[in-house]
Amino acid sequence: MKNNINKIVKKSGTSFFWSMRCLPLPQRNAMYTIYAFCRHIDDIVDGDMDVKEKQELLAAWREELDNIFDKKVPLTDIGRRIYKNCMRFKLPKQDFLKLLDSIAMDLPRPIQAPEMSEYYRYCEGVAGVPGRLSLRIFGCQDEKLIDELALSLGTALQSTNILRDVKEDALSGRLYIPREFLEKAGISSHDPHTVLTDSNLSKAREELAKVAKANFSRGFELIRKLDKKSARPVRIMSAIYKRYFDIMDERGWEVISPKPEIGKLEKVSIALKAFLGKAC
């Protein structure tokens with residue numbers, strides 16, 4: 001199972017892989033496990049099963065989390081790995097439950113043009129909560145800093161994902177751009193396929209980019225409050241995501257494809273600079 005989790009992370013090409021590589025083995029195993037859990041829940045929600053079956057699987061995972069935190073024998077391989085790798089870091093059960101509920105916001109139907117308050121709740125759940133878990137694994141104990149940094153970077157990173165994946169999401173019936181930004185851009189439709197071909201989509205994306213940019217700036221300020229050891233993986237992850245954002249920002253928000261790419265050598269260079277404290 002350990003090798004399988006490592007392969008899941010490496011094969012995915014996730015930017016998190018590079019931030020995890022600098023961690024000591026116990027922290028790295030915990031982070032790989034958290035990532036594998038998130039991917040597993042994502043796959044359930046995004047899969048081809050009917051909605052009822054997806055909801056049943058998510059309900060089963062709530063029971064599995066009860067087993068883990070009640071110190072009963074977990075029934076799944078990932079559950080056993082969470083118990084073995086993550087519990088030593090005193091991760092709160094409510095964060096796992098919030099993560100589960102937030103990913104499930106795309107059920108029974110995909111999110112389409114959420115109101116701003118729902119957008120922020122979604123970002124906090126699917127990106128901010130993993131950030132809180134990660135910061136605890138990295139060794140941060142300042143609860144106020146954990147909450148503020150996870151929220152800022154979670155919003156920045158998830159907004160970058162949404163800006164990057166707008167075409168892919170629309171083709172899957174999803175539209176995460178807040179309706180306030182669509183309306184400001186003069187887009188009245190909330191249908192993903194219609195919005196995708198609207199000439200004003202770039203204006204809505206530009207508004208969302210402002211949210212991402214502001215949260216990157218705030219996140220980078222807060223990273224400086226972390227101790228050197230805890231800051232390294234956060235800095236690496238943030239720097240790589242900021243590079244994706246900058247590529248899109250530089251080429252213009254009217255361009256939705258191809259998605260921005262960062263080659264392996266460039267990722268290594270970004271990661272090394274961030275590790276040495278020369279980024280963010």
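Numbers here simply count residues along the sequence, with the first being 1.
Between the side chain of S257 and the backbone N or O of K259 there is no donor-acceptor pair closer than 3.5 Å. Judged purely by atom type and a 3.5 angstrom limit, E64 uses its side chain to pair as donor or acceptor with the backbone of L75. For R174 (side chain) and I111 (main-chain N/O), no donor-acceptor pair under 3.5 Å exists by modelled atom type. S152 places no side-chain N or O within donor-acceptor distance of the main-chain N or O of L149, the cut-off being under 3.5 Å.
Here the straight-line distance linking atom CG of D50 with atom CD of E56 works out to 8.0 Å at 0.5 Å rounding. Note that the CD1 atom of I41 and the CG atom of D46 stand 11.5 Å from one another [nearest 0.5 Å]. Remark: L133 CG to L99 CG distance equals 7.0 Å, nearest 0.5 Å. Taken from CG in L135 to CG in L226, the straight-line distance is 6.5 Å, to the nearest 0.5 Å.
Ion pairing between D106 and K54 fails under the 4.0 Å rule for side-chain N and carboxylate O. For the pair E124 and R132, the salt-bridge criterion is met [side-chain N within less than 4.0 Å of a carboxylate O]. We find that K213 and D249 are joined by a salt bridge, their nearest charged nitrogen and carboxylate oxygen being less than 4.0 Å apart. Salt bridge status for E206 with K203: absent, with no side-chain N to carboxylate O gap under 4.0 Å. Residues R205 and E254 are not paired through a salt bridge, judged by the lack of any N-O separation under 4.0 Å between the basic side chain and the carboxylate. A salt bridge does not link D66 with K72: every distance from a Lys NZ or Arg NE/NH1/NH2 to an Asp or Glu carboxylate oxygen is 4.0 Å or more. The existence of a salt bridge linking D246 and R243 is excluded, since no basic side-chain nitrogen approaches an acidic carboxylate oxygen closer than 4.0 Å.
Centroid-to-centroid, the aromatic rings of Y176 and Y122 come within less than 6.0 Å. Checked against the 6.0 Å centroid criterion, the rings of F96 and W61 do not qualify as a close aromatic pair.
Among residues two or more places apart in sequence or in another chain, the side-chain contact (heavy atoms from CB on, under 4.5 Å) test is passed with D48 by none. Residues passing the ring-ring contact (aromatic ring centres under 6.0 Å, His included) test with F216 are F220, F245, sequence neighbours excluded.
The closest side-chain donor-acceptor pair between R39 and Y35 falls under 3.5 angstrom. Checking S172 against D169 by side-chain atom types alone, no donor-acceptor pair falls below 3.5 Å. For Y119 and T155, the side-chain atoms include no donor-acceptor pair closer than 3.5 Å.
In the hydrophobic cluster analysis, where Ile, Leu, Val, Met, Phe, Trp and Tyr join through side-chain heavy atoms closer than 4.5 angstrom, I177 is grouped together with M116. Hydrophobic clustering (side-chain heavy atoms under 4.5 Å, transitive across Ile, Leu, Val, Met, Phe, Trp, Tyr) keeps L151 apart from M105. Grouping the Ile, Leu, Val, Met, Phe, Trp and Tyr side chains by contacts below 4.5 angstrom, directly or via other members, places I270 apart from L265.
If you run side-chain contact (heavy atoms from CB on, under 4.5 Å) between I162 and each of V211, L157, L175, L208, only L208 comes through.
Between L91 and I34, some side-chain heavy-atom pair lies under the 4.5 Å cut-off. Side-chain contact between N67 and V73: absent, with no pair of heavy atoms (C-beta onward) separated by less than 4.5 Å.
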(request) List the steps and the verdict of side-chain contact (heavy atoms from CB on, under 4.5 Å) for D142 and I146. (result) CA-CA 6 Å; D142 184 329; I146 287 173; 5.6 Å; no

(request) I would like to know whether Y241 and N161 meet side chain to side chain donor-acceptor pair (under 3.5 Å); could you show each step before the answer? (result) CA-CA 9 Å; Y241 260 86; N161 281 336; 3.2 Å; yes

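Annotation: cation-pi pair R232/F275 present, NZ/CZ under 6.0 Å from the ring centroid and within 45° of its normal.
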